[in-house]
Participant: 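One structure follows; several queries about it will come next.
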Number of protein chains: 2
Amino acid sequence: MFKLSKKVEYGILSLQYMANQNGNIITAKEISEHLNISFEFLSKTLQSLIKQGLIESIQGVHGGYKLAKPADKITFSDVIRALENRSSIVECLTEDIENCGRISCCTIKTPMTQIQDKINNIFDITTIAEIAIY
Amino acid sequence: MFKLSKKVEYGILSLQYMANQNGNIITAKEISEHLNISFEFLSKTLQSLIKQGLIESIQGVHGGYKLAKPADKITFSDVIRALENRSSIVECLTEDIENCGRISCCTIKTPMTQIQDKINNIFDITTIAEIAIY
DNA sequence: ATAAAATACGATAACAATAGTCGGATTTAT
DNA sequence: ATAAATCCGACTATTGTTATCGTATTTTAT
Ligand code: FES
Ligand code: FES
């Protein structure tokens, strides 16, 4: 399957939403209602975004979240890195190389690496700023 | 997760192998031994490739498989289409649009479609001929 | 005819990853 | 103190992938 996980989808939607708030902090509840998704699940997603340094949180009664840096400095790659067990299109392109029984005589490593690079580039050059509206 | 399924990986390796056989038919057993993978699983993979018209089979004692068309006419997209439940990076870009609760007010459809198009293009322009060696 | 070598294919089990839930802890404004 | 919010680990459920099994069919050599 070649699709983004729900976490990445929700992450991008949340970041897009925050990017349109002009620096004001917003709560997870507000985002979850706006996107019509589970508050619990969204919260975990947001917490992962914090770990990666993409957003900041304020605890307490008037707490919430906001972007930790300008929207044009947050790429889709950043979001994916924060929210998915980063993997490559075939195992052997990353640290999982040990697991592949064809390492010694691999005939697809070069083309697969080229494809991987192209895909990475797509997500590297797409930023939240580009998809923010208003 | 953003990776190709084993079926697609095996499919590409098999097609690459066949492309190097100069039109001679080869058996599933031979491929499975060459790639060091399960004969049963590979067989199912090859049968899916037949359905998609990418390879041809000859039954019986001296049977086996061979490419159904020139290697430069077989794209990675063809292989993926044959071997995976075709999906898009987000559900709503395909027939699954019904399942998405944001259809009426979707704020990521346009950028996601652009990314999807770029990814599709990568697999559209990569052919088995390009990765065949010798 | 028969046996052997091969493909064809549905059913199903085993495994892994994703998606979602729950319970409780911490922080802070009022 | 209380309420509103984030924080976080453990757990369950669901789905998709990977692999196996059993049986049927086709073809050819003998
Ligand atoms: S497929 Fe694993 S080393 Fe290339
Ligand atoms: S995310 Fe489903 S309609 Fe766009």
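So that the names make sense, note that chain A is the first sequence line, chain B the second, and so on, each numbered from 1. Note that the structure is predicted; figures quoted are calculated from it, not measured.
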Participant: Could you state the atom-to-atom distance from CG of L83(B) to C1' of dT17(D) in whole Å?
Facilitator: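 Atom-to-atom, L83(B) to dT17(D), this comes out as 13 Å.
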Participant: Taking the nucleotide of DNA chain D with the nearest heavy atom to each, does V61(A) or L46(A) sit closer to the 5' end?
Facilitator: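 Going by which nucleotide is closer to the 5' end, it is V61(A).
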Participant: Rounded to whole angstroms, how far apart are NZ on K3(A) and P on dG16(D)?
Facilitator: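 From K3(A) NZ to dG16(D) P: 6 Å.
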Participant: Can you check the E40(B) CD to dT12(C) P distance for me, whole Å?
Facilitator: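 So the CD-P distance, E40(B) to dT12(C), works out to 17 Å.
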Participant: Before accepting this row, confirm whether a basic side-chain N of the pair K29(B)/E33(B) lies closer than 4.0 Å to the acidic partner's carboxylate O.
Facilitator: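 The answer is yes: the pair qualifies as a salt bridge.
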Participant: Indicate, with a heavy-atom threshold strictly under 4.0 Å, whether K44(A) touches base, sugar-phosphate, or nothing.
Facilitator: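 Base: the residue K44(A), judged by heavy atoms under 4.0 Å, touches a nucleobase.
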Participant: In this structure, how many angstroms lie between the P atom of dT18(C) and the CZ atom of F41(A), rounded?
Facilitator: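 Distance check: F41(A) CZ to dT18(C) P gives 10 Å.
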Participant: Round to the nearest Å and state the distance from Q47(A) atom CD to dA5(D) atom P.
Facilitator: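 Roughly 15 Å, once rounded to whole Å.
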Participant: Using side-chain heavy atoms (C-beta onward) and a distance below 4.5 Å, is Y10(B) in contact with L83(B)?
Facilitator: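 Heavy-atom side-chain distance check fails, nothing below 4.5 Å.
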Participant: The side chain of H62(A) lies closest to which of these nucleotides: dA29(C), dT18(C), dT6(D)?
Facilitator: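 Taking heavy atoms from C-beta onward, the closest nucleotide is dA29(C).
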Participant: Looking only at side-chain N and O atoms, does S77(A) offer a donor or acceptor that is under 3.5 Å from a partner on D124(A)?
Facilitator: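 There is such a pair (donor and acceptor under 3.5 Å, judged by atom type) between the side chains of D124(A) and S77(A).
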Participant: Roughly, in whole Å, what's the span from CD1 in I25(B) to P in dT26(D)?
Facilitator: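 After rounding, the reported distance stands at 18 Å.
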Participant: What does I50(A) touch in the nucleic acid at a heavy-atom separation under 4.0 angstrom: a base, only the sugar-phosphate, or nothing?
Facilitator: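 If one applies the 4.0 Å heavy-atom cut-off, I50(A) turns out to touch the sugar-phosphate alone, with no base involved.
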Participant: On DNA chain C, check which nucleotide each of K6(A) and I58(A) is closest to and give me the residue with the more 5' one.
Facilitator: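 Counting from the 5' end, the first nearest nucleotide belongs to K6(A).
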Participant: Taking atom C1' of dA19(D) as reference, at what distance in whole Å does atom CG of L35(B) sit?
Facilitator: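 Taking atom C1' of dA19(D) as the reference, CG of L35(B) is at 16 Å.
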Participant: If each of K7(A) and G60(A) is mapped to the nucleotide of DNA chain C with the nearest heavy atom, which maps nearer the 5' terminus, i.e. the 5' end?
Facilitator: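 Nearest nucleotide further toward 5': that of K7(A).
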Participant: Under 3.5 Å, is there a donor-acceptor pair between the Q116(B) and N120(B) side chains?
Facilitator: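 Short answer, yes.
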Participant: Whole angstroms only, please: what is the OH-C1' distance between Y10(A) and dT21(C)?
Facilitator: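 Rounded to whole Å, this separation is 14 Å.
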Participant: Return yes if some donor-acceptor pair links the side-chain N/O of Q21(A) with the main-chain N/O of I26(A) below 3.5 Å, else return no.
Facilitator: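 Absent.
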Participant: Given dC7(D), is OP1 or OP2 found less than 4.0 Å from the side-chain N or O atoms of S57(A)?
Facilitator: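 Checking S57(A) against dC7(D): at least one side-chain N or O falls below 4.0 Å of OP1 or OP2.
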Participant: Check whether any side-chain N or O of S38(B) sits under 4.0 Å from OP1 or OP2 of dT20(D), and answer yes or no.
Facilitator: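 Affirmative; the distance criterion is met.
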